[in-house]
Undergrad: 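The following block contains the structure, expressed as structure tokens.
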Amino acid sequence: MDIRLLRVFQTVVESGGLSAAEMTLGIGRSTISTYLSDLETRLGFRLCSRGRGGFSLTDRGRSVYQSTQTLMASIVSFQSDLSHLHTDVRGPLSVAMVDNLIWDQNFRIVNIFRSIAPLLKDVDLQLHVLSPQDVERAVMDGTAEVGITPSVSESRNLNRKKIFTEDSLLYCSEDHTFFPMKDSEITAAMLKSCRYVRKIHMTDKMFNETNSAFSQQVVSENVESIAIMILTGQYIGFLPEDYASLWTKTGKMRAILPSKFRAHFDFCVITNKTRPASSVQQLFVDHFVREINDE
């Protein structure tokens, strides 16, 4: 209240009177007069003369005005210091993420990192590409402060902020026997006899059910190696739909029974609940989530 009354007083002085201050303050003259009276009551002395004779400061009023100027300048400096703490952060920041993020058409990670780059000019940023399980492990043990990954566990020690959902379909390449066939011609027995490449650490129900349906399996850590095996024409496997479009658009791959074989993965920004967030970590996460929500 004191600061508010002092601001009104300062504006009246700099405007040259109550009438001139009405437009600047957006309040009526009678309200301004009440505010000045309240301030004088709190201070215990008269600040100015205001009436038919015009507006003029008392000696004490001039001293209060000068002190008010100093106070308001200090408030501006204080606000600037707080802003500096939010935007000009320093120190290390380790971010662990899974592979293939760059291909998701609904997740413009390049644009997000571009927009946050000016805020991290004094930050020692370290980026790591790991498996989903290793991303969570890195955040848990403190190797990474932030993770970007689909959730593969239900640990209560992790904060999760969902950023997007990714769909994966089952694919074969143009050299596979399934490629020229209609979906209606592909039987369960034919699928079971296929050589299948699966990705580790995925917990989607569709993946789990499909993984158990194949007798001949190759295990992979990442999306790129799965794509390589599919393109050999000897294997089928799941790929993110946007990533696979690199080959489906040119007729090099096709989805198999997409209405049946479709897996959904919720990607999240994760942090460790048990570790206090550094200013740079909080800045990164807040900016990241805000940019995602604005897309």
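Side chains included, hydrogens not; waters and symmetry mates left out as well; all remaining heavy atoms used.
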Undergrad: Aromatic rings Phe267 and Phe164: how do their planes relate, parallel, tilted or perpendicular, breaks at 30° and 60°?
TA: parallel

Undergrad: Any side-chain donor-acceptor pair under 3.5 Å between Thr165 and Asp266?
TA: yes

Undergrad: So, Arg275 and Glu145, do they make that salt bridge, N to O below 4.0 Å?
TA: no

Undergrad: If the threshold is 4.0 Å, N to carboxylate O, is there a salt bridge linking Asp183 and Arg254?
TA: yes

Undergrad: With heavy-atom distances below 4.5 Å as the criterion, would you say the side chains of Ile270 and Asn159 are in contact?
TA: no

Undergrad: Do the side chain of Asp99 and the main chain of Val223 share a donor and acceptor less than 3.5 angstrom apart?
TA: yes

Undergrad: Treating Ser67 as the side-chain partner and Val64 as the backbone partner, does any N or O pair qualify as donor plus acceptor under 3.5 Å?
TA: no

Undergrad: Please report the shortest heavy-atom distance between Ile163 and Phe288, naming the atom on each side.
TA: CD1-CE2, 4.0 Å

Undergrad: If every non-hydrogen atom of Leu39 is compared with every non-hydrogen atom of Leu47, which pair is closest and at what distance?
TA: CD2-CD1, 3.6 Å

Undergrad: At what distance, to the nearest 0.5 angstrom, does CG of Leu239 lie from CE of Met253?
TA: 5.0 Å

Undergrad: State plainly whether one hydrophobic cluster holds both Leu170 and Leu257, where clusters connect Ile, Leu, Val, Met, Phe, Trp and Tyr through side-chain heavy atoms under 4.5 angstrom apart.
TA: yes

Undergrad: Run the side chain to side chain contact (heavy atoms under 4.5 Å, CB included) check on Asp175 and Thr232 step by step: do they pass?
TA: CA-CA 7 Å; Asp175 297 319; Thr232 65; over 6 Å; no

Undergrad: Under 3.5 Å, is there a donor-acceptor pair between the Thr41 and Asp38 side chains?
TA: no

Undergrad: Step by step, work out the side-chain hydrogen bond (donor to acceptor under 3.5 Å, both in side chains) result for Asp242 and Ser245.
TA: CA-CA 5 Å; Asp242 289 338; Ser245 67; 5.4 Å; no

Undergrad: Is there a side chain to side chain contact (heavy atoms under 4.5 Å, CB included) between Lys273 and Leu158? Walk through the geometry before answering.
TA: CA-CA 5 Å; Lys273 285 183 180 179; Leu158 292 175; 5.9 Å; no

Undergrad: List the atom of Tyr196, the atom of Gly237, and the distance in Å for their closest heavy-atom pair.
TA: CE1-CA, 4.0 Å

Undergrad: To the nearest 0.5 Å, how far apart are CG in Leu120 and NE2 in His287?
TA: 8.0 Å

Undergrad: Could you go through the side chain to side chain contact (heavy atoms under 4.5 Å, CB included) check for Met229 and Arg195 one step at a time?
TA: CA-CA 10 Å; Met229 299 305 288; Arg195 302 172 79 183; over 6 Å; no

Undergrad: Taking the side chain from Ser173 and the backbone from Ile230, do they hold a donor-acceptor pair closer than 3.5 Å?
TA: yes

Undergrad: Calculate, to the nearest 0.5 Å, the distance between atoms CZ and CG belonging to Phe113 and Leu127 respectively.
TA: 5.5 Å

Undergrad: Might you confirm whether atom CD of Glu224 has over 12 heavy atoms from other residues, nucleotides or ligands at distances under 6.0 Å?
TA: no

Undergrad: As a quick check of understanding, evaluate side chain to side chain contact (heavy atoms under 4.5 Å, CB included) for Tyr35 and Arg4, giving each step before the final call.
TA: CA-CA 9 Å; Tyr35 284 158; Arg4 181 183 182 186; 3.0 Å; yes

Undergrad: Same hydrophobic cluster for Ile116 and Val285, using side-chain heavy-atom links shorter than 4.5 Å among ILVMFWY?
TA: yes

Undergrad: Which residue, Thr143, Val98, Val129, forms the side-chain contact (heavy atoms from CB on, under 4.5 Å) with Val135?
TA: Val98

Undergrad: So, are Glu40 and Arg60 salt-bridged, with charged N and O less than 4.0 Å apart?
TA: no

Undergrad: At what distance, to the nearest 0.5 angstrom, does CD1 of Ile32 lie from CG of Leu5?
TA: 12.5 Å

Undergrad: Using a 3.5 Å distance criterion without hydrogens, assess whether the side chain of Ser33 forms a donor-acceptor pair with backbone atoms of Arg29.
TA: no

Undergrad: Do Leu57 and Val8 belong to the same hydrophobic cluster, where Ile, Leu, Val, Met, Phe, Trp and Tyr are linked whenever their side-chain heavy atoms lie under 4.5 Å apart, directly or via other members?
TA: yes

Undergrad: Quick one: closest heavy-atom pair of Leu231 and Lys252, and the distance?
TA: CD2-O, 4.4 Å

Undergrad: Got more than 12 heavy atoms from elsewhere within 6.0 Å of CG, Leu246?
TA: yes

Undergrad: Answer yes or no: is there a side-chain heavy-atom contact under 4.5 Å between Lys161 and Cys268?
TA: no

Undergrad: Within this structure, what is the CD-CG distance for the pair Glu136 and Leu130, rounded to the nearest 0.5 Å?
TA: 11.5 Å

Undergrad: Is it the case that Arg50 places NZ or CZ above or below the six-membered ring of Phe55, under 6.0 angstrom from the centre and within 45 degrees of the axis?
TA: no

Undergrad: Any idea how Trp247 and Tyr243 line up, ring-wise: parallel (<30°), tilted (30 to 60°), or perpendicular (>60°)?
TA: perpendicular

Undergrad: Is the shortest heavy-atom distance from the side chain of Asn157 to the side chain of Met140 under 4.5 Å?
TA: yes

Undergrad: Taking all non-hydrogen atoms of both residues, which atom of Arg198 and which atom of Ile226 are closest, and how far apart?
TA: C-CD1, 4.4 Å

Undergrad: For Arg46, is the CZ atom crowded, meaning more than 12 foreign heavy atoms sit under 6.0 Å from it?
TA: yes

Undergrad: Would you say the side chain of Glu241 lies within less than 4.5 Å of the side chain of Arg262, judging by non-hydrogen atoms?
TA: yes

Undergrad: Taking the side chain from Ser15 and the backbone from Val12, do they hold a donor-acceptor pair closer than 3.5 Å?
TA: no

Undergrad: Over all heavy atoms of both residues, which pair between Phe265 and Pro150 is shortest? Give the atoms and the distance, please.
TA: CB-CB, 4.2 Å

Undergrad: Following the transitive rule for hydrophobic clusters with a side-chain heavy-atom cut-off under 4.5 Å over Ile, Leu, Val, Met, Phe, Trp and Tyr, establish whether Ile236 and Ile228 coincide in one cluster.
TA: no

Undergrad: Given 3.5 Å as the limit, does a donor-acceptor pair link the side chain of Glu185 with the main chain of Lys182, or not?
TA: yes

Undergrad: Can you tell me how far apart CZ (Phe178) and SG (Cys194) are? Round to the nearest 0.5 Å.
TA: 3.5 Å

Undergrad: Given side chains that start at C-beta, do those of Tyr171 and Phe238 come closer than 4.5 Å, heavy atoms only?
TA: no

